[in-house]
Amino acid sequence: MKITVLGTGGGARAHIAKLAGLGHEVHVGTRDPRATLARTEPDMMGTPPFKEFLAEHPGIQLHTFGDAAAASDGLVINGIDGHNAVAALSAIAGRLAGKTLIDYAVPYIYNPDVEHPWPTPWGIMPKLEPVDTDSLGERIQRALPDTKVVKSFVTQEQTTVVDPKAVGDGDHTMFVAGDDADAKRQATELLKAYGWTDVLDLGPLVCARGMEMYAHMHSAIAFGLGQQFGGHFGIKVVR
């Protein structure tokens, strides 16, 4: 299957490598391929330059966002940062029409000017926007009415999304939410291919609000476990 991953950060790379390992033809989208390949320094999260990743994963194809979306035969994973996702995806709406878009972005605004900041080991905790009465997943769906948006992958680090057995031998829960049943089945099938055995369908895309707002709890748990960056753990819904 031809699957597209939009983004080149650490989370996107986890999906790119896993999908390639599963035998899929992986197309990667970035704003400016030449600029991405020209970088020689790690990004703000310490992730090495993408050209080093490509050298270790031959066969991966790098394109602009639009060309990468067009190359997919039905499934696209959105790893564009939450602050820029709606604008970037709206610009390629025609090439995403009819396809399933799995979105795991968190709508973070970094370095917020807030009255009561939350200090963390890596600076002030980002602010969520939108929150409570809307979600990034819903905004993406409104911007892309011809695309089937599914919110998933967002409740833990992408390195454990693609390798669930790395945590508790895989005994934890992943969530999906969306308004299209076939798209949610497609996302669930991918999760099962990754190794997930407990996938909970939360219902319509409005439930993306809960998943996105969980991001702060995820950080709090990580800090409590002494994990300053990311978080090597999962959550389990006990029925």
Side-chain angles (χ1 to χ4, degrees), residues 1-39 43 47-81 84-85 88-105 137 140-141 144 146-154 157-166 174 176 178 180-197 199:
M1 187 174 181
K2 298 177 182 178
I3 300 178
T4 290
V5 179
L6 301 176
T8 57
R13 295 181 198 192
H15 289 282
I16 294 164
K18 182 70 172 186
L19 291 167
L22 291 172
H24 296 288
E25 180 180 314
V26 185
H27 295 266
V28 181
T30 187
R31 291 173 182 81
D32 183 339
R34 286 188 178 181
T36 296
L37 293 175
R39 294 190 183 106
D43 65 15
T47 308
F50 191 69
K51 66 180 180 181
E52 296 180 13
F53 175 83
L54 280 182
E56 297 169 357
H57 298 83
I60 304 300
Q61 301 182 51
L62 184 66
H63 314 270
T64 62
F65 286 143
D67 288 345
S72 162
D73 56 15
L75 182 61
V76 178
I77 297 173
N78 176 45
I80 302 171
D81 68 281
N84 295 301
L89 294 170
S90 296
I92 59 170
R95 294 185 169 188
L96 291 167
K99 300 182 179 183
T100 293
L101 178 74
I102 303 175
D103 170 49
Y104 68 82
I140 291 172
Q141 183 64 88
L144 306 173
D146 297 323
T147 301
K148 298 166 286 187
V149 177
V150 177
K151 195 78 183 189
S152 191
F153 307 170
V154 73
E157 298 303 312
Q158 301 310 303
T159 51
T160 59
V161 170
V162 304
D163 185 16
K165 289 192 174 182
M174 180 51 60
V176 297
D180 187 282
D182 288 337
K184 286 193 287 187
R185 278 194 289 270
Q186 193 173 10
T188 299
E189 288 172 3
L190 178 61
L191 285 165
K192 289 179 178 178
Y194 281 174
W196 286 90
T197 58
V199 180

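For the pair A183 and K148, the tightest heavy-atom approach, listed with the atom from each and the gap, is CB-CB, 3.7 Å. Shortest non-hydrogen contact noted between V150 and A187 is CG1-CB, 3.9 Å. Smallest separation of non-hydrogen atoms from N78 and A85: ND2-CB, 4.1 Å. The heavy-atom pair separating S152 from I102 by the smallest distance is CB-CG2, 4.1 Å. When all heavy atoms are compared, the tightest approach of A88 to F65 is CB-CE1, 4.2 Å. Residue V28 comes nearest to G7 through the heavy atom pair CG1-O, 3.6 Å, listed as atom of the first residue, atom of the second, then distance.
The closest donor-acceptor contact from the side chain of T8 to the backbone of F50 lies at 3.5 Å or more, if one exists at all. Not a single donor-acceptor pair under 3.5 Å links the side chain of R95 to the backbone N or O of A69. Using a distance-only test at 3.5 Å, with no hydrogens or angles considered, no donor-acceptor pair links the side chain of K99 to the main chain of V76. A donor-acceptor pair is defined here as one N or O able to donate and one able to accept, closer than 3.5 Å; such a pair exists between the side chain of T4 and the backbone of A68. Panel note: side chain T30, backbone P33; no donor-acceptor pair is recorded below 3.5 Å. Here the side chain of R31 pairs no donor or acceptor atom with the backbone of T64 at under 3.5 angstrom. Within the 3.5 Å criterion, the main-chain N or O of A71 finds no donor-acceptor partner in the side chain of K2. K18 places no side-chain N or O within 3.5 Å of a backbone atom of T159 that could act as its donor or acceptor partner. W196 places a side-chain N or O within donor-acceptor distance of the main-chain N or O of V161, the cut-off being under 3.5 Å. With hydrogens and angles ignored, the 3.5 Å screen pairs no side-chain donor or acceptor of Y104 with any backbone N or O of I77.
The CG atom of L6 sits 5.0 Å away from the CD1 atom of I80 when rounded to the nearest 0.5 Å. From L54, atom CG reaches atom CD1 of I60 across 7.5 Å, with rounding to the nearest 0.5 Å. Summarising the geometry, atom CD belonging to Q186 is positioned 4.5 Å from atom CE belonging to M1; distances are rounded to the nearest 0.5 Å. How far CD1 of I140 is from CG of D103: 3.5 Å, rounded to the nearest 0.5 Å. Residue K151 holds its NZ atom at 9.5 Å from CG of L101, rounded to the nearest 0.5 Å. Atoms OG1 and NZ, from T197 and K165 in turn, are 8.0 Å apart once rounded to the nearest 0.5 Å.
Between H15 and F153, the angle of the ring planes stays under 30°, which puts this pair in the parallel group of the 30/60° scheme.
Taking the side chain as every heavy atom from C-beta outward, T47 and R13 approach each other to under 4.5 Å.
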Go through the steps to decide whether L19 and Y194 satisfy the test side-chain contact (heavy atoms from CB on, under 4.5 Å), and finish with yes or no. CA-CA 9 Å; L19 291 167; Y194 281 174; 3.7 Å; yes
